[in-house]
Amino acid sequence: MSHSPDGPAAPEPFELLRERLFGIAYGVTGSVADAEDLCQEAWLRWSAVDPTSIEVPEAYLVRIVTNAALDRLRSAHARREQYVGPYLPEPLITATEDGPLQSAELADELTFAFLVMLDELNPVERAVILLHDVFGYSFAEVARTVDRTPEACRQLASRSRHRAQARSGDVRRVRSAEERVLIDRLIVGTMSGDVDGLMALLAEDIVQIDDGGARQRAARHPIVGRDRVARFMINLAKRLEPDTGVEHVTVNGCAGLLFRRTGEPWIVFVFEFAPDGLVRRIFAQLNPDKLGHLSRPLPSSLD
């Protein structure tokens, strides 16, 4: 592939590509835990081969990770048929208010809205869109990775791309300081039960999607409209316990909040803004099975 790094064959090529491989695995599976496992598997396979026998290490490693992620995704699809309520990806927290926490290549591109849209594609379509549109590989390179012809990959991308763009929607990336102010106002309005004040911060066509899985109580269908979302958020605030803490975080490149109970992750909220600055989408990940990777403390919190 054209992105092959320079330098010694091992272990530097893998280390140079680790973020990219993680990003590909996470983009395909939507799971931080799976992405970490798949990168570890790729490292084991890489360390077992003679690096001088690999002409282009990046092509070799991307192919391994992509196909392993596709296998993992196909297995997960069977389980999703019995999934309770909406299905959201595991949140990838890349920064707290004190600065970067962990880095993932192109995390800004792998937003919740984009990953939710990718769930409507079949696994190979998903991989083609990710590798070509997000990670910048040519169709010839993608074809070698997913065992298709370049023309087949081009057609897959063409059929899928308009759905991706339509579902990703028109969102505004505001400055982080402005995001912080808006979200603080959301917190104040929610905690005070100010329905009108809260509605003033929400777009008329706002949609909130909650993922609680089978273990956590959550809305089983998307919540649509500023009045319904405002009242739902205020009702959710009534479930807060005295030991609940909240942290400003960056989640998949977007502004977010991490709520903890007794130090353990409880809810991650992700906010996306309309061009006029109002909140257009709220994603809430409550499924404890998808928050386990956040059990380790983050370096900053709100008092």
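- Among all heavy-atom pairs drawn from A284 and L88, the shortest one is O-CD1, 3.6 Å.
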E178 vs F273, side chain to side chain contact (heavy atoms under 4.5 Å, CB included): CA-CA, chis, key distance, verdict: CA-CA 11 Å; E178 186 176 345; F273 298 88; over 6 Å; no
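- Side chain of S47 to backbone of W43: a donor-acceptor contact under 3.5 angstrom is found.
- Heavy atoms only, all atoms of each residue included: L70 and V124 are closest at CD2-N, 4.2 Å.
- The two atoms that bring I209 and P86 nearest to each other are CG2-CB, 3.6 Å, heavy atoms only.
- Remark: the backbone N or O of Y87 is not paired with any side-chain donor or acceptor of D211 at under 3.5 angstrom.
- Between the CG atom in L21 and the CG atom in L16 there is a gap of 10.5 Å [rounded to 0.5 Å].
- With respect to R261 and D243, no salt bridge is recorded, no charged nitrogen being found less than 4.0 Å from a carboxylate O.
- Annotation: side chain of E151 is not in contact with side chain of F139 (no heavy-atom distance under 4.5 Å).
- At least one donor-acceptor pair closer than 3.5 Å links the side chain of Q285 to the backbone N or O of P89.
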Stepwise salt bridge (charged side-chain N to carboxylate O under 4.0 Å, His left out) test for D119 and R126: CA-CA 8 Å; D119 275 337; R126 182 171 183 144; 2.6 Å; yes
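- Of the inter-residue distances, the one linking Y60 atom OH with S53 atom OG reads 7.5 Å to the nearest 0.5 angstrom.
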Stepwise side-chain hydrogen bond (donor to acceptor under 3.5 Å, both in side chains) check, T52 with D50: CA-CA 5 Å; T52 62; D50 177 5; 2.8 Å; yes
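- Closest of all the heavy-atom pairs between G212 and P288 is O-CD, 4.4 Å.
- Atoms CG and OG, from L198 and S192 in turn, are 8.0 Å apart once rounded to the nearest 0.5 Å.
- Side-chain contact between D205 and V224 is absent, with no heavy-atom pair separated by less than 4.5 Å.
- For E90 and K290, the salt-bridge test fails: no basic side-chain N is under 4.0 Å from an acidic carboxylate O.
- Side-chain contact between R281 and Q208 is absent, with no heavy-atom pair separated by less than 4.5 Å.
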Step-by-step side chain to side chain contact (heavy atoms under 4.5 Å, CB included) determination, V188 to R185: CA-CA 5 Å; V188 171; R185 291 174 64 192; 5.7 Å; no
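- Between R72 and E41, at least one side-chain N (NZ, or NE/NH1/NH2) sits under 4.0 Å from a carboxylate O, which counts as a salt bridge.
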Evaluation steps, ring-ring contact (aromatic ring centres under 6.0 Å, His included), between F269 and F259: CA-CA 8 Å; F269 284 102; F259 284 80; 5.8 Å; yes
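- You'll find the side chain of V134 reaches within 4.5 Å of the side chain of E109, heavy atoms only.
- Taking CE of M199 as the reference point, atom CG of D227 lies at 5.0 Å (rounded to 0.5 Å).
- For the pair I206/I282, a side-chain contact is recorded, criterion being any heavy-atom separation below 4.5 Å from C-beta on.
- By the 4.5 Å heavy-atom criterion applied to side chains, I267 and L236 are counted as neighbours.
- Side-chain contact between L115 and Y26 is present, with at least one heavy-atom pair separated by less than 4.5 Å.
- Atom OG1 in T149 sits 12.5 Å away from atom CZ in R144 (nearest 0.5 Å).
- Residues F135 and L38 do not share a hydrophobic cluster, defined by chaining ILVMFWY side chains whose heavy atoms lie under 4.5 Å apart.
- Between the side chain of S295 and the main chain of G292, a donor-acceptor pair closer than 3.5 Å is present.
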CA sep, side-chain torsions, deciding dist, call: L278, L202, side chain to side chain contact (heavy atoms under 4.5 Å, CB included): CA-CA 5 Å; L278 299 178; L202 307 178; 6.0 Å; no
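- Of the candidates L131, L130, T145, I24 forms a side-chain contact (heavy atoms from CB on, under 4.5 Å) with just one, namely L131.
- Shown here for L118 and G27, the closest heavy-atom pair between the two residues is CD1-O, 4.1 Å.
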Steps toward side-chain hydrogen bond (donor to acceptor under 3.5 Å, both in side chains) verdict (S158, Q155): CA-CA 5 Å; S158 178; Q155 291 176 358; over 6 Å; no
Worked check of side chain to side chain contact (heavy atoms under 4.5 Å, CB included) between F112 and M117: CA-CA 8 Å; F112 259 50; M117 178 283 306; over 6 Å; no
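- Between E58 and Y137, the closest side-chain pair of non-hydrogen atoms falls below 4.5 Å.
- Between the side chain of N252 and the backbone N or O of L110, at least one donor-acceptor pair lies under 3.5 Å.
- S138 places a side-chain N or O within donor-acceptor distance of the main-chain N or O of E141, the cut-off being under 3.5 Å.
- Rounding to the nearest 0.5 Å gives a distance of 7.5 Å between CZ of R18 and CD of Q40.
- Here R226 does not pair with D196 in a salt bridge; the nearest charged N to carboxylate O distance is not below 4.0 Å.
- Under a cut-off of 6.0 angstrom, the local environment of CZ in R154 is crowded, with over 12 non-hydrogen atoms contributed by other residues, nucleotides or ligands.
- A donor-acceptor pair is defined here as one N or O able to donate and one able to accept, closer than 3.5 Å; no such pair exists between the side chain of T66 and the backbone of R63.
- The shortest heavy-atom contact between A255 and I183 is CB-CD1, 3.4 Å.
- One N or O on the side chain of R148 and one on the backbone of V146 form a donor-acceptor pair closer than 3.5 Å.
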